[in-house]
Each structure stands twice: as C-alpha cells, then as structure tokens.
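Residue numbering restarts at 1 for every chain, and letters A, B, ... go by the order of the sequence lines. All values below come from the heavy atoms of this structure, side chains included, with hydrogens, waters and symmetry mates left out. This one's a predicted model, so the numbers in the text were calculated from it and none came from an experiment.
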Number of protein chains: 2
Amino acid sequence: MTDHKRPRPTESELEILQILWANGPSSVRFVNEQLNQKREVGYTTTLKLMQIMADKGLASRNTDNRSHIYEANAEEGETRKRLLDEFVDATFQGSAMKLVVQALGGGQASREELDEIKALIRKLESGEK
Amino acid sequence: MTDHKRPRPTESELEILQILWANGPSSVRFVNEQLNQKREVGYTTTLKLMQIMADKGLASRNTDNRSHIYEANAEEGETRKRLLDEFVDATFQGSAMKLVVQALGGGQASREELDEIKALIRKLESGEK
DNA sequence: TTGCTATTACGAAATATTTCGTATATCCTT
DNA sequence: AAGGATATACGAAATATTTCGTAATAGCAA
C-alpha cells in the first residue's frame with residue numbers, strides 16, 4: 001500500500017499528519033489541542049481540514065461513535081521520503097548531497113548524531129553495489 | 001545582508017530563483033525558456049512572477065534597457081538554509097538527523113558523495129564546541 | 001422533557017498563488 | 001514613416017488553501 005494517487009499534503013495537512021503519526025488515531029478535539037500548542041486555530045477549521053484529508057484519502061476515520069476518530073492513511077516513512085524528494089528537487093536541484101551538507105553544516109547535528117551518521121555511512125558502504 | 005523581512009518564496013518563485021542563481025542576472029525571456037524545459041509556462045506568466053518577486057524584494061532588476069534584467073536578491077545559501085530549516089521542522093519535526101538518514105538511505109548518494117560527507121563530518125568534529 | 005454542551009456537516013468568505021488576456025510602448029527593418 | 005516583432009504594465013480570472021459562521025444533531029444533566 002503506497003501513497004500512489006494520494007495528493008501531496010498541504011502545509012496544514014502535514015501538520016495534522018505529524019500529530020496523527022506521533023499519537024496514533026485521534027479525535028478532532030485532540031488534534032486541535034495539539035495544533036493550538038503551536039498556533040491558534042479554530043476548532044471547525046481543524047475539523048474541516050481533517051474532513052478534507054479524509055476525502056483526499058490522506059486519512060481515514062471511524063464514525064461509529066459520535067466523536068469521529070481519524071487515522072493517518074499516508075504512511076509516515078513513505079510520505080516523508082516523497083516530500084523530501086520533491087524538496088530536494090525544488091530547493092537543491094536534485095542534489096541530496098548538497099542538502100546533507102547544508103543540513104550538517106548548519107550546526108544542527110550533535111556529536112551523537114554525527115556518530116550515527118558515520119555508522120550509517122559505514123553501513124551503506126559495506127553494502128555497496 | 002540577510003533575508004530578514006523577505007517573505008518566503010513560493011514554489012514558482014523558487015523555480016525562478018534557481019534559474020537566476022544558476023545563470024546569474026537574466027532576462028525574462030531567458031528565464032521563461034529555462035522554465036519551459038521543465039513545464040509549459042506562458043511568457044507573461046513568468047513576467048508577472050518576476051515582477052512580483054521584484055516587488056517582494058526577492059529579486060531586483062535593471063530597467064536601463066528595454067529588456068529588463070533580473071537578479072536574485074535572496075542569497076542562495078541563506079535562502080536554502082532557511083527553507084531547509086522550515087522543511088525540517090514541518091516534515092521531520094525538527095530533526096535534521098532524521099532527514100539526513102532519510103536522504104542518505106534513499107540510495108541517492110554515490111560513493112564520492114559519501115566520501116565528501118565523511119570529510120565534512122571530520123571537519124565538523126575537529127572544530128567541535 | 002428541557003436546556004446546555006459537544007460534535008459533525010456544509011457552505012462560503014478570506015487569502016494566497018498561478019495564469020493569462022489585452023493594452024501600450026519600444027525597437028528594428030524596410 | 002509604417003509594419004512587425006518583442007517588451008513591459010496592468011488587472012483580473014482561475015485555482016488552491018485556509019478559515020470560520022451557522023445549522024443540525026446527539027449526548028448529558030437536571
């Protein structure tokens with residue numbers, strides 16, 4: 001089950017997907033509360049967005065109870081990979097390398113993270129084609 | 001001179017910035033031709049976008065000649081960094097590490113690129129705080 | 001039951017972005 | 001000077017996205 005056909009999530013939809021990925025199936029109220037920790041959003045705004053997401057297939061919902069429970073349909077890793085690919089194309093002309101350099105160079109990565117990346121590179125190199 | 005105050009470029013504006021960064025100051029016609037190698041866009045559409053970019057301060061233009069020459073104002077590295085930061089926040093919850101892993105894991109990086117990254121990491125580690 | 005609260009449904013306004021038609025000006029060729 | 005090609009200016013339509021008001025419905029408490 002890939003993300004084929006599913007449209008790219010908009011910025012707001014992505015915010016909601018993050019919440020659903022992090023917390024599992026959730027009610028609109030819960031998602032709205034989480035959103036409001038970052039910025040002010042009206043309840044019906046969140047509701048509408050989530051309904052649209054269900055329409056688009058980005059999420060599915062259980063309507064058995066009065067309070068509907070929404071669940072991300074778009075799989076986390078798949079979706080992130082796809083968005084990353086598009087972002088690399090749009091912003092770094094398709095060069096993942098340039099992006100990684102920029103990401104690492106920003107001083108964002110801690111020593112532990114650098115170690116992890118080194119380990120990852122070793123793994124990639126050993127299983128090289 | 002940072003990008004302070006300058007609004008984030010839209011997707012289309014970013015496409016144009018890429019062309020200006022890659023080719024230096026350019027005419028609308030040239031930019032439009034480059035765009036059309038990827039997708040069909042009308043000339044006046046490109047023109048309008050570039051005029052908007054000038055309004056927003058993303059680009060500046062020389063109007064001495066009949067054919068105006070546009071130049072990116074937003075600096076390449078700065079802009080990419082900023083977009084990357086926002087993207088990391090939005091898509092990887094602020095974890096540059098997760099993003100790098102995803103980018104490297106995609107099998108996108110060649111051996112040479114991996115070597116470059118290793119070198120970069122060594123450099124980062126030596127100048128560690 | 002009656003009223004209060006929480007929920008979804010629906011549609012439309014508000015905003016942002018993209019696209020292009022048309023008018024007008026300028027340059028170039030003859 | 002006239003005509004054609006090419007440029008910019010301008011505004012508005014088309015599209016995409018976000019936001020919310022209002023109404024209808026269901027649950028709950030008194």
If the sugar-phosphate is the primed atoms plus P, OP1 and OP2 and the base is the rest, what is the B/S/- string for nucleotides 1-8 of chain C, using protein heavy atoms under 4.0 Å?
-----BBB

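Counting all heavy atoms, side chain and backbone alike, B/Leu17 lies closest to B/Leu58 at CD2-O, 4.0 Å. Residues A/Arg6 and A/Asn73 share a closest heavy-atom pair of NH1-O, 3.8 Å. Shortest non-hydrogen contact noted between A/Ala72 and A/Leu20 is N-CD1, 3.8 Å.
Under the 4.0 Å criterion applied to side-chain N and carboxylate O atoms, A/Lys38 and A/Glu15 are not assigned as salt-bridge partners. Using a cut-off of 4.0 Å between Lys/Arg side-chain N and Asp/Glu carboxylate O, A/Asp115 and A/Lys118 are scored as salt-bridged.
Note on B/Ile69 and B/Leu47: separate hydrophobic clusters, where clusters join Ile, Leu, Val, Met, Phe, Trp and Tyr whose side-chain heavy atoms are under 4.5 Å apart, directly or indirectly. Criterion: ILVMFWY side-chain heavy atoms under 4.5 Å apart, direct or through other members. Under it, B/Leu83 and A/Val101 are part of a common hydrophobic cluster. Hydrophobic clustering keeps B/Leu35 apart from B/Ile52 (ILVMFWY residues linked when any side-chain heavy atoms are closer than 4.5 Å, directly or through intermediates).
Protein chain A contacts DNA chain D over a range whose 5' and 3' limits, counting nucleotides with an atom under 4.0 angstrom from a non-hydrogen atom, are D/dT17 to D/dG27.
Within the 4.0 angstrom heavy-atom criterion, base atoms lie near A/Thr45.
A straight line from CG of A/Asp55 to P of C/dC10 spans 10 Å, rounded to a whole angstrom.
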